[in-house]
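Chain letters run A, B, ... following the sequence lines, proteins first, then strands; residues in each count from 1. Atoms considered below: every heavy atom in the structure, side chains included; atoms not considered: hydrogens, waters and symmetry mates.
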Protein chains: 2
Amino acid sequence: MAARTARAEQVSATRELILTAAERLFAERGVNAVSNRQVSEAAGQGNNTAVGYHFGTKADLVRAIVRKHATQIEEIRARLLAGIGDSPDVRDWVDCLVRPVPQHLAALGGPTWYARFCAQIMTDPVLHQIVVEESLTSPSLRQIIDGLTACLPDLPPEVRAERGEMARHLIVQMPAERERALAENRPTPRATWDDAATGLADALVGLWLAPVANRP
Amino acid sequence: MAARTARAEQVSATRELILTAAERLFAERGVNAVSNRQVSEAAGQGNNTAVGYHFGTKADLVRAIVRKHATQIEEIRARLLAGIGDSPDVRDWVDCLVRPVPQHLAALGGPTWYARFCAQIMTDPVLHQIVVEESLTSPSLRQIIDGLTACLPDLPPEVRAERGEMARHLIVQMPAERERALAENRPTPRATWDDAATGLADALVGLWLAPVANRP
DNA sequence: CCGCTTTTAAGGCAGGTGATTGACTTGGCT
DNA sequence: AGCCAAGTCAATCACCTGCCTTAAAAGCGG
């Protein structure tokens with residue numbers, strides 16, 4: 001199935017070329033600041049409509065980038081999830097939630113752009129919905145959220161929703177921050193992606209277990 | 001000093017008109033997706049170069065918007081800071097850190113756009129630096145960070161930096177999230193800006209006090 | 001070996017962009 | 001009163017954008 005014909009191979013190669021070029025440009029200059037033409041040129045395609053041909057609109061291109069990484073991240077997440085069974089420990093579930101993205105970035109090696117790309121998508125009013133559709137449908141993710149919820153039976157549902165949002169933001173933004181520091185040769189609080197994940201998990205456990213102030 | 005001349009009054013009025021129109025459009029459609037022309041028109045200026053005249057580039061416009069709010073937020077922060085003296089309680093310092101933005105948004109009343117605007121700026125690779133320059137120079141902010149640091153003498157410096165970044169992200173992103181929900185008539189976990197600030201402060205206290213895993 | 005489809009290349013088109021320019025309006029100062 | 005400068009407006013510039021059309025190239029099936 002893989003490389004069935006020389007033709008199909010070539011096509012998927014240029015698709016990949018466009019995908020990585022777009023990811024890089026989007027991360028470095030901002031999604032809306034980069035035109036499809038620039039992406040095509042950066043991908044080495046003399047054709048200035050290559051993006052439009054292989055993907056459709058820019059939103060479709062963004063979706064394709066998200067999906068490419070999502071499948072790999074999903075694998076990591078499923079593997080971690082299988083490793084903890086139905087632990088009653090909040091820490092285990094938080095680890096499952098936190099580690100997939102940093103582990104994926106570490107596996108990519110070298111300089112990466114995906115975290116910064118994601119951080120931008122998440123705050124863009126129109127692109128935001130795309131990534132929600134693509135990643136929140138993950139069954140393993142829902143399973144982790146349920147498992148974490150079961151560990152925190154005393155937390156009011158609104159507070160749980162609230163802290164879920166906080167966790168989501170940190171899981172996206174902190175890797176982006178580290179990636180940015182790496183790209184600009186600035187020092188990072190942690191030496192490796194794995195250590196960064198540990199630091200983030202530490203903090204999130206504290207966040208989830210924090211007492212709720214009884215309001216007047 | 002105020003309204004010294006009818007002319008100066010008119011000028012600052014149109015400046016204000018442009019500022020609020022820009023803030024709204026930027027928040028709703030994305031900073032890079034909105035042209036200076038559109039801002040001028042939305043501000044009721046038949047002139048399509050009004051933005052260019054009163055401010056310079058789009059970056060200068062962004063800076064002006066940030067600065068406008070920053071001064072008011074700075075006032076609130078200074079007032080809160082004065083109220084706690086040199087408390088040894090982490091909670092007091094976190095409150096000082098968290099509450100200024102939600103209080104400012106509450107004071108504005110009606111629908112607001114500033115939080116979403118800020119959330120976008122913070123993730124844009126080029127605009128990011130502007131807001132850092134404008135807000136990190138705040139003396140009261142530095143004072144709060146120092147006070148909080150004094151409450152957490154056992155926390156390793158790298159972890160402190162790391163969790164400071166986390167807190168910064170949440171303080172920007174969570175109000176933006178609430179603002180978005182409000183704008184789209186979605187339910188929010190908390191009824192008021194003040195309650196939202198309390199929830200955020202609860203979580204941040206837990207985050208700061210979380211134990212640090214001793215890595216292998 | 002040859003027609004065929006898919007992919008890449010190249011250029012044109014209308015519309016929108018930031019920036020600049022000059023003319024007009026309006027309030028302020030002497 | 002009358003000039004002056006700040007502010008407003010409209011027109012224009014070169015440039016870039018997405019989209020479209022037309023070729024060329026390169027396997028692929030027969």
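Taking atom CZ of A:R15 as the reference point, atom C1' of C:dT6 lies 14 Å away to the nearest angstrom. Between B:E41 atom CD and D:dA10 atom P the separation is 11 Å, expressed in whole Å. Distance A:N47 CG to C:dT8 P: 8 Å, rounded to the nearest Å. Between A:N32 atom CG and C:dG16 atom P the separation is 18 Å, expressed in whole Å.
Contact between the side-chain N/O atoms of A:Y53 and the OP1/OP2 oxygens of C:dT7 is found at a separation under 4.0 Å.
Residues that satisfy the salt bridge (Lys or Arg N to Asp or Glu O under 4.0 Å) test with A:E75, not counting sequence neighbours, are absent from this structure. Partners of A:P100 by side chain to side chain contact (heavy atoms under 4.5 Å, CB included), not counting sequence neighbours, listed by chain and number: A:I73, A:I76, A:R77, A:L80. Listed by chain and residue number, A:E177 satisfy the salt bridge (Lys or Arg N to Asp or Glu O under 4.0 Å) test with B:R168 (two or more places apart in sequence, or in another chain). With sequence neighbours excluded, the residues that form a salt bridge (Lys or Arg N to Asp or Glu O under 4.0 Å) with A:E16 are A:K68.
Sorted by first then second residue, the side chain to side chain donor-acceptor pair (under 3.5 Å) pairs that include residues 112-124 of chain A, not counting sequence neighbours, are A:E28-A:W113, A:N32-A:D124, A:T112-A:E179, A:R116-A:E179, A:T123-B:T123.
Side chain to side chain, B:Q45 and B:T14 fail the donor-acceptor criterion of an N or O pair below 3.5 Å.
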Seminar exercise, completed: Nucleotide by nucleotide, nucleotides 13-22 of chain D touches protein heavy atoms under 4.0 Å in the pattern (B base, S sugar-phosphate only, - none) ----BBBB--

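Checking C:dA9, D:dT8, C:dT7 against every side-chain atom of A:Q45, the shortest atom distance belongs to C:dA9.
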